[in-house]
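Keep in mind it's a predicted model, so treat the numbers as computed, not measured. One-based numbering, in listed order, for ligands and for the atoms of each. In this chain, residues are counted from 1 in sequence order.
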Amino acid sequence: MPLSNLAVRDLETLVHPYTNLATLRETGPLVIERGQGVFVYDSEGKAYIEGMAGLWCTALGYGNEELVEAATAQMRKLSFSHLFTGKSHDPAIELAERLKEIAPVPASKVFFCSSGSEANDTQVKLVWYMNNALGRPKKKKIVSRLRAYHGVTIAAASLTGLPNNHRDFDLPIAGILHAGCPHHYRFAHDGESEADFAKRLAAELEALILKEGPDTVAAFIAEPVMGAGGVIVPPMSYFPEVMTVCRKYDLYMISDEVICGFGRLGTMFGCTALGFAPDSITVAKALTSAYVPLSALTVPETMYQAMLDESRKIGTFGHGFTYSGHPVAAAVALKALDIYARERIAEQAANKAPQFQMRLSALGEHPLVGEARGLGLVGGVELVADKKTKRAFDPKAGVGARAVRLAEEEGLIVRFIAGDIVSICPPLIIAPAEIDELFDRLGRALDRTLDWVKRERLMSS
Ligand SMILES: Cc1ncc(COP(=O)(O)O)c(C=O)c1O
């Protein structure tokens with residue numbers, strides 16, 4: 001098909017994030033024009049179920065007039081003010097209060113940024129700053145995990161445990177360690193139970209800390225369910241086991257709730273669903289349902305006291321973004337929190353999860369699918385060349401990309417991540433009939449992908 005005028009202008013002007021820039025020259029972009037509910041519409045007027053809630057973020061769907069109104073009213077009243085040098089404003093104060101109230105951690109204060117990456121970079125800097133203030137300047141290394149996703153700024157990309165985020169970017173930086181990935185399907189030994197697998201990962205984490213020296217390891221950061229690394233749900237005993245190790249060696253524990261926060265797993269926060277109590281959380285995305293960018297992290301009292309001591313010693317706390325606590329973003333987040341509470345969005349997600357997970361796990365029977373996994377309203381479908389041996393396709397064959405393209409033809413937006421894993425993460429407001437429609441469309445796309453895979457002889461016979 002010839003490219004539209006917009007598509008041609010796109011190719012002449014944009015560098016697309018997270019895109020195979022070479023392939024894009026041939027396929028052209030999919031230009032999205034508007035959205036309503038769980039649907040988006042392209043520039044030709046074709047409707048798609050937004051099966052990825054944008055980028056795991058538009059939890060309340062599109063066209064929510066209450067959020068639009070909250071932004072507009074705040075823009076009229078005070079379009080910008082900042083929090084530098086002791087200035088403040090009502091929306092930021094109120095939002096910090098609300099986040100402290102609902103956070104699953106004892107939060108003393110809240111720090112605002114605009115993106116998940118900025119917030120995770122801030123987490124790293126605050127851990128370093130705290131440990132300097134506490135007189136333990138050697139305790140600085142941060143443990144993340146292979147396949148983790150924590151963003152793309154220099155510290156956050158270093159925390160991320162995916163080769164594509166490091167290769168040729170000269171990352172990771174020194175002082176970032178990657179522990180094992182808790183994906184039983186891929187990384188358990190033959191015959192190893194989920195419980196034994198979790199125990200082994202915790203033992204390996206302990207061995208890593210001991211090898212590095214516990215007085216040099218400061219923190220552990222984890223997503224409750226890994227998102228961009230492949231929608232990886234750890235064994236239920238994994239976090240309790242890992243937390244025991246973190247506590248033993250006095251590691252500051254950060255739960256990256258950028259995807260899992262605000263109801264995605266059927267609980268308001270992901271750490272609750274996975275049974276652990278961190279020291280701090282990072283939130284973003286669904287905090288505003290992505291109507292405007294906003295992220296935040298909580299600061300516990302011990303950390304805040306250490307920061308206060310630093311200020312007494314050296315003066316200004318020298319960190320902050322122009323848009324830290326942007327009043328329009330804060331006003332939208334306050335309205336989103338109202339909606340989460342009023343509509344009991346997390347509880348509704350939990351009620352819809354059995355249907356979602358049943359339809360998801362039925363895809364596990366498909367000849368292309370090695371594992372279909374998920375929790376709450378998020379899922380991943382791992383496509384393999386051989387179900388028995390779990391052999392992956394040659395990445396160059398582009399099987400995941402093909403499945404996503406065929407899903408688009410069927411009127412469904414999903415994403416392929418970390419190889420040939422198709423991820424599904426619809427807006428939390430999705431209706432039961434729309435969940436069925438989503439999986440019907442995905443099923444048809446997988447059938448068509450299978451036909452293509454067979455034609456291309458990419459599968460073990
Ligand atoms: C768990 C997690 N942390 C951090 C980030 C980075 O957020 P951003 O893209 O807003 O920088 C993401 C983005 O997908 C994420 O999924």
What protein heavy atom sits nearest [atom], and how far off is it?
atom                    : value
atom 10 (O) of ligand 1 : Gly116 N, 2.9 Å
atom 11 (O) of ligand 1 : Ser117 OG, 2.5 Å
atom 3 (N) of ligand 1  : Asp256 OD2, 2.7 Å

Per-atom contacts, ligand 1 versus [X] - under 4.0 Å to a heavy atom:
X      : value
Ser115 : 10 (O), 11 (O)
Glu223 : 1 (C)
Tyr149 : 1 (C), 2 (C), 3 (N), 5 (C), 12 (C), 13 (C), 14 (O), 15 (C), 16 (O)
Ile259 : 16 (O)

Beyond-backbone contact of Ile281 with Pro104, side-chain heavy atoms, under 4.5 angstrom: yes
With backbone taken as N, CA, C and O and side chain as the heavy atoms from C-beta onward, which portion of [X] lies under 4.0 Å from ligand 1: side chain, backbone, both, or neither?
X      : value
Lys285 : side chain
Thr282 : neither
His150 : backbone

Salt bridge or not between [X] and [Y]? Use side-chain N to carboxylate O under 4.0 Å.
X      : Y      : answer
Arg373 : Glu382 : yes
Glu409 : Arg405 : no
Asp420 : Arg402 : no

Is there a donor-acceptor pair closer than 3.5 Å between any side-chain N or O of [X] and the backbone N or O of [Y]?
X      : Y      : answer
Lys109 : Thr298 : no
Ser289 : Leu60  : yes
His16  : Leu11  : no

When you measure from the heavy atoms of Asn120 to every atom of ligand 1, does any distance fall below 4.0 Å?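 Under 4.0 Å: yes for Asn120.
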Look at the rings of His183 and Phe187 and say which category their plane angle falls in: under 30° parallel, 30 to 60° tilted, over 60° perpendicular.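 Rings of His183 and Phe187: perpendicular, over 60°.
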